[in-house]
Structure formats: C-alpha cells, structure tokens
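Numbers restart at 1 for each chain; the letters A, B, ... are given by sequence-line order, proteins then strands.
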Amino acid sequence: MGNQLFIYNTLSRKKEAFKPLVEGRVGLYVCGPTVYSDSHLGHARPYITFDLLYRYLTFQGNKVRYVRNITDVGHLEDEVEGAGEDRITKKARIEQLEPMEVVQKYMNSFHRNMENLNILPPSIEPRASGHILEQQEMVQQILDNGFAYETNGSVYFDVEKYNQKHKYGILSGRNLDDIKTNTRELDGQSEKKNSFDFALWKKASPEHIMRWPSKWSDGFPGWHLECSVMSTKYLGEHFDIHGGGMDLTFPHHECEIAQNTACSGSGAVRYWMHNNMITINGQKMARSLGNFITLKELFTGKHELLYQAYSPMTIRFFILQAHYRSTIDFSNEALQASEKGLERLMAAMKTLGELKASDSSTVEVAPIMEKCFAAINDDLNSPIAIAHLFDGVKMINSIKAGSEKISPADLDELKEFYQTFVFDILGLKDEEMPVTGNNQTLDGAMELLISLRKDAKANKDWATADKIRDELNAIGIELKDTKDGVEWSLK
RNA sequence: GGUUCCUUGGCCGAGUGGUUAGGCAGCGGUCUGCAAAACCGUGUACGGCGGUUCGAAUCCGCCAGGAACCUCCA
C-alpha cells in the first residue's frame with residue numbers, strides 16, 4: 001500500500017491503483033507534437049507531466065517502454081483558412097521549404113526544448129510518415145470488419161455502425177444522440193454518411209504535396225489513426241497507460257478507442273491520463289488562439305509579455321508546482337515566484353551536501369520522505385511533494401544554523417533521498433552558472449579585485465571597497481559578501 | 001444549445017467533514033561597516049444565498065461569474 005501508485009483514469013473518472021499488465025513492465029504512450037512550429041509553454045506540460053510519470057515508474061523498478069510519437073504527416077487545417085491543405089503543407093509554402101524540411105526543423109527545435117527542460121527522451125519516438133503501410137493495414141482491417149466505408153477514394157469510420165455493437169463516447173462521456181444533434185456542419189462532409197464520421201484515409205487534393213499511394217487513392221492517413229497504429233505496433237493490442245492533453249480527449253482519443261476496438265474487438269488502453277491546460281488571463285494557451293509564448297521566448301525573455309527570461313528549470317518547477325489535472329495560469333509574478341522558490345530549494349540541496357553530522361538527531365527525516373512518496377503515489381501530486389520538500393529545507397537550514405542536529409545515518413539517508421527525489425524523480429537540475437572555469441583571465445582579474453577590496457575593507461576604506469563593488473555591478477558582475485567569503489557571479 | 005469542470009488570503013497553488021499546505025510578495029528579526037543575498041519568525045482565505053451536520057473550504061440545492069470540449073489543438 002505504501003508504495004502503491006494511484007492514478008486518475010479518465011475512463012472511470014476515479015483514482016485507481018495502478019497495476020501493470022505484466023508485473024514489472026509498463027507500456028506508456030503519450031501523444032507527441034505536430035511539428036510545424038516552435039513549441040509553446042502549453043506543450044511543455046504534458047511532456048513534463050509524463051516525464052515525471054516515466055521517471056517515477058522507472059524509479060519503482062519497472063522496465064518502462066515509453067512511446068511518444070512525432071506527427072509529421074499533418075492533420076487537416078481549418079477548412080476556411082487552409083482550403084484543405086494540411087498544416088505542414090501550408091507552412092512549407094509560406095517558408096518555401098520542402099514539407100520534410102519543415103518537419104526536420106521543428107522536430108529539432110522540439111528536441112532542443114525537451115532537452116533544456118530535462119525531459120528524458122522516450123524509448124521509441126515513431127513518426128507517422130514512417131508508418132504509412134501499417135496505417136493502411138489498419139484501415140483495411142477496419143473495412144474488413146465492416147466499420148468503415150469508402151467514398152471517392154477516401155475511407156471513413158462508420159460511427160453509427162460501430163455504436164450499434166460497441167459504445168461510442170465511453171471516454172468523453174458522450175452519447176451518439178447528443179453528438180448527432182450538436183455537431184456543426186463542416187465543409188467536405190458530403191462524402192460522409194454522417195457528420196460525426198471521421199476519416200481513416202483521405203484522398204489528397206491536387207495541391208496537397210504530402211501524399212502516399214494506396215489502393216483507395218493517392219492520399220494520406222486520417223487524423224487519429226497514427227496513434228492507434230503505432231501504440232499497437234510498439235506496445236501491443238493491450239497496454240497500460242496512454243497520456244495526453246485534456247483537449248485531446250474528444251475526438252482524438254475517443255476515435256483512437258473506436259479504431260482499436262473496431263480492429264481487435266476491445267480498447268487497447270487500460271489507464272487514460274489527461275493533463276489540464278496552461279492558461280493565460282484565464283484562457284487556454286493555444287496556437288490557434290494566438291495567445292501563446294514559445295519556450296524559446298521564455299528562455300530568452302524575448303516576448304512583449306515577459307518581464308525577464310525564465311530558465312528551463314524555472315518553467316519545469318512552475319509546472320510541477322501545480323497538480324497536472326488543474327489548470328495553471330501563466331503570469332510573470334507566478335514564474336518569478338517559482339524562480340525564487342527553486343533557488344531556495346537548490347541552495348538547500350547544496351547546504352545539505354556540506355552539513356556536518358552530530359552523534360544524534362533532534363530531527364526526524366523519515367516523515368518527510370514518506371510524505372513525499374505518498375504525494376507522488378496519490379496521482380502524481382507533485383505540488384504536495386514539493387511542499388514537503390520545503391519542510392525539509394527548513395530542517396536543513398536549521399541544522400546548518402546549529403539549532404537542530406542530525407546523526408550520520410540520518411544525514412546519509414536525507415542526502416540520498418533529496419538527490420533521488422529532486423533530481424531523479426522530479427527531474428530538476430542545478431543550473432546555476434559556473435562561477436569559474438570558462439575564463440581563466442577573468443577569474444584571475446576577479447581574484448585580484450576581490451583581494452584589493454579585502455585590503456580596503458581591512459583598512460576601513462569603505463569608499464574604495466564600495467567603488468569596486470558598485471562599478472563591477474555596473475558592468476554586470478555581482479559581488480556578495482557571505483560568511484564563507486566573497487562570491488561573484490555574472491548577472 | 002449540449003457535455004464536463006472550476007471559483008481558496010496581495011499573487012501562484014494544495015486541500016473532499018474537525019488537525020499549519022507550500023512557494024512568492026508583505027511585515028518583524030538575525031547577520032553585515034553599509035548594501036545585497038541568505039536564514040529565522042509571522043498575519044490575512046475559502047464567489048453569494050440557503051440546507052444537511054455536534055461541526056463544512058470540503059456534502060446537497062439555487063444564484064452569480066469563469067473555463068474546457070462539442071472543429072485543428074498539449
């Protein structure tokens with residue numbers, strides 16, 4: 001019980017004890033990005049959330065196969081704007097690039113962002129364009145099973161027929177009758193029996209560059225197919241966890257379930273997990289709404305809404321300070337608070353490493369460790385875990401100040417715990433700029449200035465001492481007089 | 001219009017019936033030649049109105065405001 005992970009399953013709308021299909025092995029699939037522009041803050045959330053899950057499951061001793069796809073085929077654009085072109089094709093035309101060049105460019109940028117955020121790479125990162133044959137096979141299988149029909153070279157999923165045998169809408173809590181009365185009429189639906197049917201294979205219009213031959217037409221796979229296909233291929237017909245943003249619940253994940261069920265007779269996924277959105281002024285941050293800030297802009301501070309740059313770890317910590325199923329609101333104030341909080345935590349980590357043990361403890365280390373693990377076990381409640389880590393920070397500082405004592409055994413345990421929990425599980429890292437090492441000339445000059453200032457201070461020549469400090473500050477070097485001597489850093 | 005969800009102190013954000021969330025800011029203090037930093041301590045809350053209960057931020061109802069999904073979307 002103590003080490004039992006509970007996760008909230010969208011399918012049951014309850015927290016459930018997580019038991020992998022095969023003891024000690026976990027199959028995890030997460031919807032990856034469509035690579036047609038730079039990732040924004042909102043995109044960081046699922047990848048950080050599921051990175052935490054991946055790290056924790058691994059820490060628990062599971063062998064985890066983590067599959068996260070790259071969508072490089074391009075989903076259909078809004079008909080009004082894109083006139084049937086997919087997003088990648090459209091972007092290619094604007095930038096005068098080959099579609100695959102666009103894909104490569106933004107995939108590289110995505111990978112850089114992920115590395116910056118200390119997000120571990122998945123075990124397999126399959127690309128939709130590399131699984132066209134498998135997708136065609138699944139289309140055929142669904143056709144053979146009688147849950148799809150072909151019209152003008154396109155193949156559509158027959159939702160009504162599916163619903164007669166299985167239930168459509170189990171994940172999002174919808175029923176077909178409601179959908180029938182509430183689905184808007186969109187262009188290009190004349191080919192479909194019903195507006196809520198969705199494409200499995202789409203015939204390409206003449207201007208559509210990304211296309212593949214098939215027995216139905218030269219075209220491209222449907223919106224939702226790749227995840228069904230690639231999860232099945234790498235994780236099997238049944239696997240443990242599928243994650244993604246809440247906005248994908250319907251229709252994307254609902255359709256995935258329908259496709260898998262239409263193929264094999266049952267859904268593939270045992271636990272569906274959905275992270276909530278990042279908002280800005282209370283509204284969802286989204287590419288389509290134009291209210292997004294890219295990760296690159298956050299890291300460099302180059303965006304009109306940003307007061308300053310925020311480091312990748314500040315972003316990671318900011319996201320971990322909210323529970324993944326709650327919305328989290330972007331603001332400079334919130335990010336600055338996270339930055340300060342993270343600095344405090346990291347400073348305590350350093351202090352912990354330098355702590356001296358006494359012969360006995362006046363503090364208890366076990367409760368903190370237990371509470372942190374209990375929090376993560378409770379549906380990845382990272383904000384609670386972090387709150388308990390801060391209780392530990394207070395304890396660490398008190399030991400340093402001498403008002404509390406810690407035994408050698410407790411100290412070892414505490415060190416080991418913080419190392420594991422903060423770095424390995426939460427995936428934070430110390431990103432403090434190295435003060436020395438990159439420029440020996442500068443180091444030497446600084447040593448000289450600090451030593452001159454020390455002499456001035458010894459002579460109570462405050463004018464000279466302050467001049468050195470203030471003028472260094474003016475050119476971007478900060479001096480701090482600490483108990484352990486003078487520290488300097490580039491601002 | 002349909003479905004689902006949210007409303008916590010100056011800000012962010014936990015918390016599902018009784019016990020301090022936590023971070024940031026503020027305030028007080030320690031340290032310091034001064035400053036900064038650091039550390040310690042500390043107040044303010046549960047959208048409104050009813051109801052259930054010995055007791056509700058937490059359960060129920062109504063009202064107000066907001067959001068997500070229903071269309072690509074993390």
*Specify whether A:Tyr66 and A:Tyr54 have parallel, tilted or perpendicular ring planes, treating 30° as the upper limit for parallel and 60° as the lower limit for perpendicular.*
tilted
*asked:* With a 4.0 Å limit, can you tell me whether A:Asn381 has a side-chain N or O closer than that to the phosphate oxygens OP1/OP2 of B:G15?
replied: yes
*Strand RNA chain B as a dot-bracket string - pairs counted if Watson-Crick or G-U with both distances under 3.5 Å, | where the partner lies in another strand*: (((((((..(((.....[...))).(((((.......)))))....(((((..]....))))))))))))....
*asked:* Going by centres under 5.5 angstrom and planes under 30 degrees, do the aromatic ring of A:Phe390 and the base ring of B:G23 stack?
replied: no
*Does A:Arg344 have a side-chain nitrogen or oxygen under 4.0 Å from the phosphate oxygens OP1 or OP2 of B:C39?*
yes
*Nearest-nucleotide wise, let me know which of A:His40 and A:Lys15 is further upstream toward the 5' end of RNA chain B.*
A:Lys15
_Any side-chain N or O of A:Arg287 below 4.0 angstrom from OP1/OP2 of B:A74?_
yes
_B:C73 base / A:Lys284 side chain donor-acceptor hit below 3.5 Å_ = yes
*Going by distance alone, is a donor N or O of one side chain under 3.5 Å from an acceptor N or O of the other, for A:Thr249 and A:Asp247?*
no
*Is any side-chain heavy atom of A:His224 closer than 4.5 Å to a side-chain heavy atom of A:Pro251?*
yes
*Quantified in whole Å, what is the P atom distance between nucleotide B:C11 and nucleotide B:A45?*
13 Å
*Distance between the P atoms of B:G18 and B:C69, in whole angstroms?*
35 Å
*Side-chain donor-acceptor pair present, A:Asn194, A:Glu160, cut-off under 3.5 Å*: yes
_Tell me if the aromatic rings of A:Tyr310 and A:Phe299 count as close, with their centers under 6.0 Å from one another._
no
*Hey, is the side chain of A:Ser326 poking within less than 4.0 Å of OP1 or OP2 on B:A14, counting only N and O atoms?*
yes
*Ignoring backbone atoms, establish whether A:Asn397 has a side-chain N or O less than 4.0 Å from OP1 or OP2 of B:C40.*
yes
